[in-house]
**Student:** 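Below: one structure in structure tokens.
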Amino acid sequence: MEFRRGSNDDGLDRRFWGRSQALWSAAKREGRYPSLPNDLLYLSHWFSSVKLTQNSVIMPDTHTLVNDFLNKLKKRKIEGSKATAKLTAELLRSVISQQRLPNTNQAGALIHAIKAIGEQLTTANPVEVAVGNIVRRVLHIIREEDVSLTTASIGGLSLQGLSDDEEDNPLVSAAAAAAAARTTLRPPSLQTLLEDMTPHSAATALHHSSSSAGDSEDKTKSTDKNSRSRKLKHNVIETVNELIQDIATCHEQIAEQAVEHIHHNEVILTLGSSGTVIEFLCAAKEKKRSFRVFVAEGAPRYQGHTLAKELVARGLQTTVITDSAVFAMISRVNMVIVGAHAVMANGGVIAPVGLNMVALAAQRHAVPFVVLAGIHKLCPLYPHNPEVLLNELKSPSELLDFGELSDCMDFGIGTGSPLLHVVNPAFDYVPPKLVSLFITDTGGHNPSYMYRLIADYYSADDLVLQQRPTS
Amino acid sequence: MIPPARHASDNLSRAVGMAVPTVSQLRVHPPVDSLQAGSYALSDSVFSASPTRSPSSRIGIDGEFSEDSANWIKRDNSGRLTAAVPTGVPDLTQSIEASNNENNGEVVGGPPQKNSKLLKAKTTKAERRALQEAQRAAKASAKAPEQTSKPEKQANQKKYVSQLASSSVVHEKKGGDKPLEKDRKKDMPPPRMQFDNKSWVEKAKKRSVVKQTEARNRVEIFRHLPQYERGNQLSDLGSSFFQMGDMHPAVYKVGLQFLAGDIMWSNTRCISMLQAFQKVIEDYSTPPERTTLARDLTAKINASVSFLNECRPLSISMGNAIRFLKARITKLTLAQTESEAKTSLCSDIDNYIQAKIVLADKQIVIHAVTKICDGDVILTYGSSSLIEMIILRAHELRRQFRVVIVDSRPNLEGQQLLRKLVEKGLSCTYTHINAVSYVMHEATKIFLGAASVLSNGTVYSTVGTACIAMVAHAYHVPVLVCCESYKFHERVQLDSICSNELGDPDVIAKVPGRTNNCLDDWASKENLQLLNLAYDVTPADYVSTIVTEYGMIPPTSVPVIVREFGREHVLI
């Protein structure tokens with residue numbers, strides 16, 4: 001319990017670490033393993049206490065930050081996956097920067113902390129998958145940074161070992177470390193395969209790069225660890241910053257590709273409103289492409305009106321149609337361009353309500369159905385019954401006046417069976433077979449390729465954020 | 001000897017208005033009538049030189065019209081005639097007399113000319129009949145523009161006669177195979193008014209009663225459809241009531257109701273129109289001049305039809321009903337007295353309403369109710385009187401089922417249906433059309449109404465129906481379209497663009513429950529158009545079955561119904 005209080009103190013942490021280290025080394029010296037029950041008990045206690053305290057490791061201000069964000073998510077105060085993603089990333093960045101790390105297994109601790117927060121966040125709004133995506137991205141970043149650091153240090157250590165005792169064959173271990181580093185850090189290519197054959201060059205290269213780790217001694221080990229922890233944190237935060245930057249600029253990167261897809265005199269249909277779509281269309285317009293846009297208004301929120309206004313302000317020929325006229329008009333449309341809420345690993349799309357209908361109509365008339373999605377919308381999960389499970393029912397007041405039919409409306413509290421039930425879902429699921437193309441900030445992709453793209457951004461260990469309840 | 005069918009008679013039949021192709025009318029062939037039939041049926045037939053004046057233009061007693069007519073004549077003259085002298089509008093009665101005189105002269109003068117020519121050729125039985133028909137046609141066409149001014153009349157007549165003479169050979173040829181051609185020609189739907197054809201529009205405008213100003217931001221691909229400013233039509237029309245001496249008040253009332261959107265359902269629209277015509281017929285008396293009831297009444301009905309068409313484009317079912325009525329009028333024999341004819345016509349209309357609409361609905365309800373079982377979830381779109389009857393009947397039969405009502409802007413008709421069903425104690429689910437994929441999982445059957453079923457099996461219905469049918473098709477839910485067979489039409493259509501109706505674009509900009517809409521000032525932005533489409537076309541492959549009073553048929557059988565039963569109300 002004393003530990004929990006002091007867990008924020010790095011010094012205390014280190015003290016415990018030192019103690020357990022001492023226990024282990026003493027046990028080794030004596031040629032025995034820590035004696036049961038005392039020593040082991042102590043160790044296990046230590047481990048469990050680490051686990052227990054992970055949640056409270058967060059500084060109070062981070063705590064309030066997280067709670068604020070949780071509240072906002074729960075109350076659906078944050079609109080749009082981009083905003084959510086950005087806020088999540090920023091929150092996680094501040095959490096990481098204020099997180100105290102133990103000396104061992106820092107990455108593990110960090111991952112644990114982030115996972116704990118991620119779990120809270122995703123349960124706060126399970127439909128907004130962007131939150132989970134960003135949490136997973138951050139976890140992946142931590143893992144990658146950790147791997148790169150450890151491979152660097154392993155390389156350094158093994159090289160150090162090379163100078164210490166010559167009789168072993170340290171070259172092999174160094175080579176193995178280098179290979180490990182390569183496989184984790186570099187994409188597989190013919191060159192890396194060939195480099196595996198010539199470990200010497202890799203080893204020397206590593207030697208140069210890890211010179212800082214090379215001169216460490218037993219005495220300075222703790223300070224080195226400290227610097228390593230700082231380094232991990234620093235690297236992670238830097239990469240998270242990049243991520244935030246990516247999210248902020250994803251519109252522009254997607255819009256850059258607009259000219260390749262929109263040609264003169266084309267007729268483009270879109271439904272509802274999406275920031276990405278506005279940017280995309282306007283980018284094409286700025287490149288002197290003249291085309292017309294049909295905007296389906298997107299009941300019940302009628303964001304299409306906003307979109308139309310925006311497009312007209314930028315000088316685009318715009319026609320607003322009702323959602324019901326989509327099928328009638330699609331035969332004159334060259335391309336459907338829409339935004340998405342989330343892209344699942346199978347290439348299916350969680351999209352604003354109504355888009356499944358549009359996609360079906362587009363398929364019927366062989367009109368390309370193009371989905372614009374920033375990388376933060378890629379979700380590594382495979383959807384199961386997404387129409388229901390990844391959906392959200394909004395207020396019926398958007399469809400009906402409460403006044404006139406309130407006595408028979410389904411409030412969920414009535415005694416008798418309600419007569420009237422108003423369904424107002426927020427999202428549609430568009431299966432991958434209806435999608436012609438995804439345009440992400442990294443280019444255009446087939447729906448069938450999404451799983452691979454997703455594998456680049458997430459590590460398989462993080463797919464499930466929910467932790468098993470520990471008894 | 002049957003010469004190949006390549007002649008003006010094709011044009012003739014095309015010239016006949018939407019409501020025309022009946023045998024008798026073809027024979028009589030009043031091209032003017034066809035043109036009167038409204039803005040949706042004008043053509044460039046061989047007779048186009050004949051005065052294309054609709055009776056509705058007679059209404060113009062005011063100065064504005066006279067100017068118009070003078071212009072019209074001038075243009076006509078400059079275009080085709082050199083001899084005619086444009087005049088102002090003479091006294092109405094005078095002009096009637098004059099034109100009647102002219103008619104007589106023409107009837108006497110025209111045919112002999114032709115006769116002589118024709119007699120030179122071999123006169124077979126068929127040819128003689130053709131001759132008769134041509135004569136009749138000539139008579140009718142000369143008769144119809146009774147009230148146009150004199151000089152124009154003369155000029156037109158001259159032209160007409162000369163044309164007749166020159167085309168007499170063609171007539172002769174046509175005569176030979178007329179009996180064979182009849183059916184085919186009759187089946188051919190007439191062309192519809194194309195509003196992107198400027199001269200066409202100009203002509204239609206001259207005739208129009210309702211003052212239409214063209215909408216500013218017109219949707220480019222719907223230029224062929226009328227796109228007019230809304231809003232002030234109703235008040236304009238209301239104030240101009242006393243200037244329309246010819247229009248029967250009943251027709252006028254119905255027209256205003258159409259314009260205001262008080263009558264929405266196609267069945268009620270059709271019935272109210274027919275009942276208005278009934279009143280017109282009841283109050284009708286043949287003018288003392290030597291015109292027959294059939295012709296004058298047809299002209300009168302045509303005027304009313306074009307008036308109603310200007311108020312709101314007529315639906316296909318209404319076109320069918322008008323066609324029926326005209327066929328009945330032309331069927332009247334001269335032996336009947338006026339009162340006899342009138343009572344027979346009125347009872348015909350009553351019978352039509354009863355048999356084709358009321359009883360047909362009952363029969364359809366009987367058929368369709370068998371498809372609603374316990375535990376069903378019936379999904380329907382918008383509001384259709386027929387569907388409502390079916391659902392209520394099933395409820396009366398104590399079937400346990402649930403109804404999903406899908407609705408869409410701008411009319412939100414589904415709310416009316418919802419109110420009625422909830423009142424009766426049915427449990428309903430209400431949603432908007434975008435969420436149809438979400439509710440489609442629970443639906444077991446889709447019941448849809450239709451404005452018309454075209455002979456290639458496509459269902460012409462309220463906009464959005466196609467979306468519902470498509471999603472249902474994707475989710476493998478059977479789609480039942482309920483439609484009375486009087487709404488079937490031999491026209492074919494592949495997309496919703498070629499023929500449609502455009503509603504008021506302003507309602508799109510207004511979102512219910514919002515005070516400030518972001519598209520309020522849409523008309524001032526030239527790049528922005530609002531499209532309020534009224535109908536769409538559901539491809540036949542989305543429709544599982546069409547429930548008619550004759551039973552449940554696949555969409556492929558629609559042409560059979562059209563052929564076997566469509567003629568019935570025309571020929572009986």
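By convention in this document, chain letters (A, B, ...) are assigned in the order of the sequence lines, proteins followed by strands, and residues within each chain are numbered from 1. This is a predicted model, so every value here is computed, not measured.
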**Student:** Looking at chain A, which one of B/Ile497, B/Ile468, B/Asp495, B/Val471 has the largest number of heavy-atom pairs inside 4.5 Å, strictly under?
**Tutor:** B/Ile497
**Student:** Does a donor on one side chain sit under 3.5 Å from an acceptor on the other, for B/Tyr438 and A/Asn424?
**Tutor:**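 No, no side-chain donor-acceptor pair sits under 3.5 Å.
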**Student:** What part of B/Val439 gets within 4.5 angstrom of chain A, counting heavy atoms only: side chain, backbone, both, or neither?
**Tutor:**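 Contact with chain A is through the side chain of B/Val439 alone.
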**Student:** Between B/Met470 and A/Leu360, what is the shortest heavy-atom contact and its length?
**Tutor:**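 Taking B/Met470 first and A/Leu360 second, the nearest heavy atoms are SD-C, 3.6 Å.
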**Student:** When heavy-atom pairs shorter than 4.5 Å are enumerated against chain A, which of B/Leu530, B/Leu533, B/Leu528, B/Thr462 gives the highest number?
**Tutor:**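 Looking at each of B/Leu530, B/Leu533, B/Leu528, B/Thr462 in turn, B/Leu528 comes out on top.
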**Student:** Would you give the length of the straight line joining atom CG of A/Asn391 to atom OG of B/Ser437, rounded to the nearest 0.5 angstrom?
**Tutor:**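 If we round to the nearest 0.5 Å, A/Asn391:CG and B/Ser437:OG are 10.5 Å apart.
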**Student:** May I have the step-by-step check of side-chain contact (heavy atoms from CB on, under 4.5 Å) for B/Asn527 and A/Leu316, ending in yes or no?
**Tutor:** CA-CA 6 Å; B/Asn527 280 336; A/Leu316 271 165; over 6 Å; no
**Student:** With only heavy atoms counted, which part of B/Val537 is less than 4.5 Å from chain A, the side chain, the backbone, both or neither?
**Tutor:** backbone
**Student:** Report which part of A/Leu393 has an atom under 4.5 Å of a heavy atom belonging to chain B: side chain, backbone, both, or neither.
**Tutor:** side chain
**Student:** Does atom NE2 of A/His264 have more than 12 heavy-atom neighbours from other groups under 6.0 Å away?
**Tutor:** yes
**Student:** Run the side-chain contact (heavy atoms from CB on, under 4.5 Å) check on B/Trp522 and A/His305 step by step: do they pass?
**Tutor:** CA-CA 10 Å; B/Trp522 69 277; A/His305 292 186; over 6 Å; no
**Student:** Please round to the nearest 0.5 Å and tell me the distance separating atom CD of A/Glu387 and atom CE of B/Met440.
**Tutor:**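 It comes to 12.0 Å.
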**Student:** I'd like to verify something: which residue of B/Pro410, B/Ala509, B/Pro539, B/Ala474 has the highest number of heavy-atom pairs under 4.5 Å with chain A?
**Tutor:**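 Highest number of pairs under 4.5 Å: B/Pro539.
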**Student:** Given that the side chain runs from C-beta out, which part of B/His473 has a heavy atom under 4.5 Å from chain A: side chain, backbone, both or neither?
**Tutor:**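 No part of it gets close to chain A.
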**Student:** How far apart are the C-alpha atoms of A/Val423 and B/Tyr430, what are their side-chain angles, what is the distance that settles it, and do they pass the side-chain contact (heavy atoms from CB on, under 4.5 Å) test?
**Tutor:** CA-CA 6 Å; A/Val423 182; B/Tyr430 178 82; over 6 Å; no
**Student:** Tell me, for B/Leu426 versus chain A, whether the close heavy atoms (under 4.5 Å) come from the side chain, the backbone, both or neither.
**Tutor:** backbone
**Student:** Using a 4.5 Å cut-off on heavy atoms from C-beta on, say whether the side chain of A/Thr318 contacts that of B/Gln529.
**Tutor:** no
**Student:** Say you draw a straight line from OG of B/Ser427 to CG of A/Leu419; how long is it, rounded to the nearest 0.5 Å?
**Tutor:**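 That separation rounds to 7.0 Å.
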**Student:** Looking only at atom types and distance, does a side-chain atom of B/Asn434 sit under 3.5 Å from a main-chain N or O of A/Ala299, one as donor and one as acceptor?
**Tutor:**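 Checked: pair present.
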**Student:** Does the side-chain contact (heavy atoms from CB on, under 4.5 Å) test come out yes or no for B/Lys525 and A/Lys309, once each step is laid out?
**Tutor:** CA-CA 9 Å; B/Lys525 294 171 182 158; A/Lys309 199 178 179 189; 3.9 Å; yes
**Student:** Find the distance between CZ (B/Arg419) and CG (A/Leu400) and round it off to the nearest 0.5 Å.
**Tutor:** 8.0 Å
**Student:** Among residues 319-347 of chain A, which residues come closer than 4.5 Å to chain B, judged by heavy atom distances?
**Tutor:**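 Contacts with chain B: A/Thr319, A/Val320, A/Ile321, A/Thr322, A/Asp323, A/Ser324, A/Ala325, A/Phe327, A/Ala328, A/Met329, A/Ser331, A/Arg332.
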**Student:** In terms of side-chain geometry, is the basic nitrogen of B/Asp541 or A/Arg364 positioned less than 4.0 Å from the acidic oxygen of its partner?
**Tutor:**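 Salt bridge present between B/Asp541 and A/Arg364.
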**Student:** Picking from B/Cys428, B/Ser496, B/Ser408, which has the most non-hydrogen pairs under 4.5 angstrom with chain A?
**Tutor:** B/Cys428
**Student:** Heavy-atom distance under 4.5 Å between the side chains of B/Thr431 and A/Val422, does that happen here?
**Tutor:** no
**Student:** If contact means a heavy atom pair closer than 4.5 Å, which residues of residues 379-405 of chain B contact chain A?
**Tutor:**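 Those residues of residues 379-405 of chain B which have a heavy atom under 4.5 Å from chain A are B/Tyr381.
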**Student:** Check this for me: B/Leu494, atom CG, are more than 12 non-hydrogen atoms of other residues, nucleotides or ligands nearer than 6.0 Å?
**Tutor:** no
**Student:** Considering non-hydrogen atoms only, spot the tightest contact between A/Glu297 and B/Ile508 and give its length.
**Tutor:** OE1-CG2, 3.8 Å
**Student:** If you count heavy-atom pairs within less than 4.5 Å of chain A, which of B/Asn532, B/Val463, B/Thr538, B/Asp536 leads?
**Tutor:**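 When all of B/Asn532, B/Val463, B/Thr538, B/Asp536 are compared, B/Val463 has the most.
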